[in-house]
Amino acid sequence: MFQAAITGTGLFTPSQSISNEELVASFNEYVRRYNEEHAAEIASGELVALAESSVEFIEKASGIKQRYVLDREGILDPARMYPRLEPRPNEELSVMAEIAVAAAREALARAGRSVDEVDGIICAASNMQRAYPAMAIEVQNALGAKGWAFDMNVACSSATFGIEQAANTVRAGGAKVVLMVNPEICSAHLEWRDRDCHFIFGDVATAVVVERADLAKGERFDILGTRLATVFSNNIRNNKGFLNRCEDRWGDLRDQLFVQEGRKVFKEVCPMVAEHIATHLQSLELAPAGVKRFWLHQANLAMNLLIAKRLLDRDPTPEEAPVILDRYANTSSAGSIIAFHLHSSDLARGDVGVISSFGAGYSVGSVVVRKA
């Protein structure tokens with residue numbers, strides 16, 4: 001068995017962003033138009049008037065202050081309210097592969113690896129642009145890599161699940177270098193017209209290089225252990241798929257896009273994740289107090305603070321549980337990787353950290369690393 005290590009990470013950030021103020025102005029205009037158009041039905045009790053959103057509501061509910069997106073114009077158009085991403089011909093690189101390739105190139109550069117040294121590619125994301133050909137194979141082709149490639153989906157936990165698959169392959173000797181990418185175009189599966197969730201997601205892509213530690217060319221984080229768990233729940237769900245075809249591109253039924261029972265998720269997931277991480281650390285003869293940094297899934301600020309508090313028996317410092325949620329919003333599987341990418345270089349040799357993601361499924365994954 002070989003020691004697996006993370007040797008490089010990459011991040012693609014869209015050039016466009018939407019502030020809470022801009023989002024609220026667009027949403028409230030949509031609400032005004034809807035209530036005006038359906039005034040008679042609302043007056044008769046057939047329909048319920050939509051409520052406006054506010055910056056204060058968004059920040060209190062989530063901690064989010066803005067989000068990066070691939071197309072702000074379509075999202076902010078009150079008559080549309082979803083991104084305008086034009087279809088590309090089959091011969092052209094797809095938008096999902098495009099952002100994955102950008103993140104991948106940075107990760108490989110940081111690891112000091114060339115494309116021809118990559119043995120395998122895993123594309124792990126919450127929603128694939130299509131069923132097949134696999135996005136990972138398109139990324140492989142665009143990079144000019146050889147070997148194998150496949151897609152996987154465990155919603156917001158996809159990155160940590162992907163890291164385990166990469167690490168296991170490296171440990172077993174099936175590959176020396178594996179590239180794992182997380183292109184997340186969350187703006188396309190979000191219902192921007194729903195006050196309870198219209199502010200949650202943003203777009204981004206991340207990438208991680210996992211390779212044999214003895215072959216690493218530069219800085220590395222040795223993977224001390226990985227642990228995954230799943231428990232079925234309907235509290236976070238997205239039904240959009242080929243079995244749910246509808247004349248309307250976005251469907252007439254609300255549950256065809258992202259939906260969640262936020263309070264139930266908070267109540268059930270927080271203790272599950274804290275227990276998962278604590279048990280994982282214990283199995284490695286480590287204590288939460290000895291962990292220098294927790295790179296947690298960036299879904300909700302209150303969730304992250306509560307999970308870290310349960311682990312440490314006190315409020316975490318910003319250095320112990322860094323937050324990128326305020327700038328990037330929820331980027332599904334990419335969130336914990338963004339936190340790791342932006343807040344890991346300052347760790348000293350021997351420092352231990354935990355990358356953890358959690359979400360629909362329910363699913364939770366943890367990757368314990370030590371800076372070598």
Side-chain angles (χ1 to χ4, degrees), residues 13-35 48-83 126 155-156 184-204 235-238 250 254-255 257-267 269-270 296-308 318 321-336 338-339 342 357-360:
T13 301
S15 60
Q16 302 179 46
S17 65
I18 298 175
S19 68
N20 284 348
E21 290 79 7
E22 292 172 314
L23 187 62
V24 166
S26 172
F27 178 82
N28 288 350
E29 175 59 21
Y30 161 74
V31 167
R32 186 193 66 77
R33 295 182 186 184
Y34 177 92
N35 289 343
V48 176
L50 298 182
E52 292 188 345
S53 186
S54 71
V55 171
E56 294 74 23
F57 163 69
I58 292 173
E59 294 187 6
K60 182 178 180 180
S62 66
I64 296 169
K65 297 182 179 179
Q66 68 153 49
R67 70 283 301 142
Y68 292 99
V69 296
L70 292 175
D71 176 57
R72 56 177 268 128
E73 181 183 356
I75 294 170
L76 292 177
D77 181 354
R80 180 181 176 87
M81 301 200 75
Y82 59 89
S126 59
C156 293
E184 291 287 8
I185 308 178
C186 301
S187 63
H189 63 87
L190 177 61
E191 177 51 270
W192 295 91
R193 299 169 295 186
D194 186 330
R195 181 180 182 272
D196 290 338
C197 70
H198 77 110
F199 53 86
I200 291 179
F201 288 114
D203 300 332
V204 80
N235 289 330
I236 311 174
R237 194 174 181 100
N238 186 336
W250 299 101
R254 172 62 190 91
D255 70 351
L257 297 173
F258 170 84
V259 292
Q260 73 169 354
E261 296 286 343
R263 289 188 177 88
K264 291 182 180 178
V265 172
F266 188 96
K267 181 180 179 180
V269 169
C270 288
L296 301 177
H297 171 48
Q298 305 287 311
N300 180 284
L301 180 59
M303 290 184 75
N304 283 19
L305 294 178
L306 179 57
I307 291 167
V323 173
I324 56 89
L325 179 73
D326 54 342
R327 289 177 290 155
Y328 281 85
N330 184 339
T331 50
S332 196
S333 69
S336 57
I338 300 173
L342 296 177
S357 55
F358 40 89

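Taking the ring centre of Phe57 as origin, the terminal cationic atom of Arg195 falls inside the region bounded by 6.0 Å and 45° from the ring axis.
Side-chain contact between Leu70 and Gln16 is absent, with no heavy-atom pair separated by less than 4.5 Å. Within the 4.5 Å cutoff, side-chain heavy atoms of Leu342 are placed close to those of Arg327. At a threshold of 4.5 Å between non-hydrogen side-chain atoms, the residues Ser53 and Ile58 count as touching. For the pair Arg193/Tyr82, no side-chain contact is recorded, criterion being any heavy-atom separation below 4.5 Å from C-beta on. A heavy-atom distance below 4.5 Å is found between the side chains of Ser332 and Cys156. Counting heavy atoms from C-beta outward, Leu23 and Trp192 have side chains that approach closer than 4.5 Å. Taking 4.5 Å as the limit, some side-chain heavy atom of Glu22 sits within range of a side-chain heavy atom of Arg72.
None of Asp326, Asn20, Asp203 except one satisfies the side-chain hydrogen bond (donor to acceptor under 3.5 Å, both in side chains) rule with Arg67; the exception is Asn20.
Side-chain contact, Tyr68 with Thr331: no donor N or O sits under 3.5 Å from an acceptor N or O.
For the pair Asn304 (side chain) and Ala299 (backbone), a donor-acceptor distance under 3.5 Å is absent.
More than 12 heavy atoms of other shown residues, nucleotides or ligands fall within 6.0 angstrom of atom CD in Glu21.
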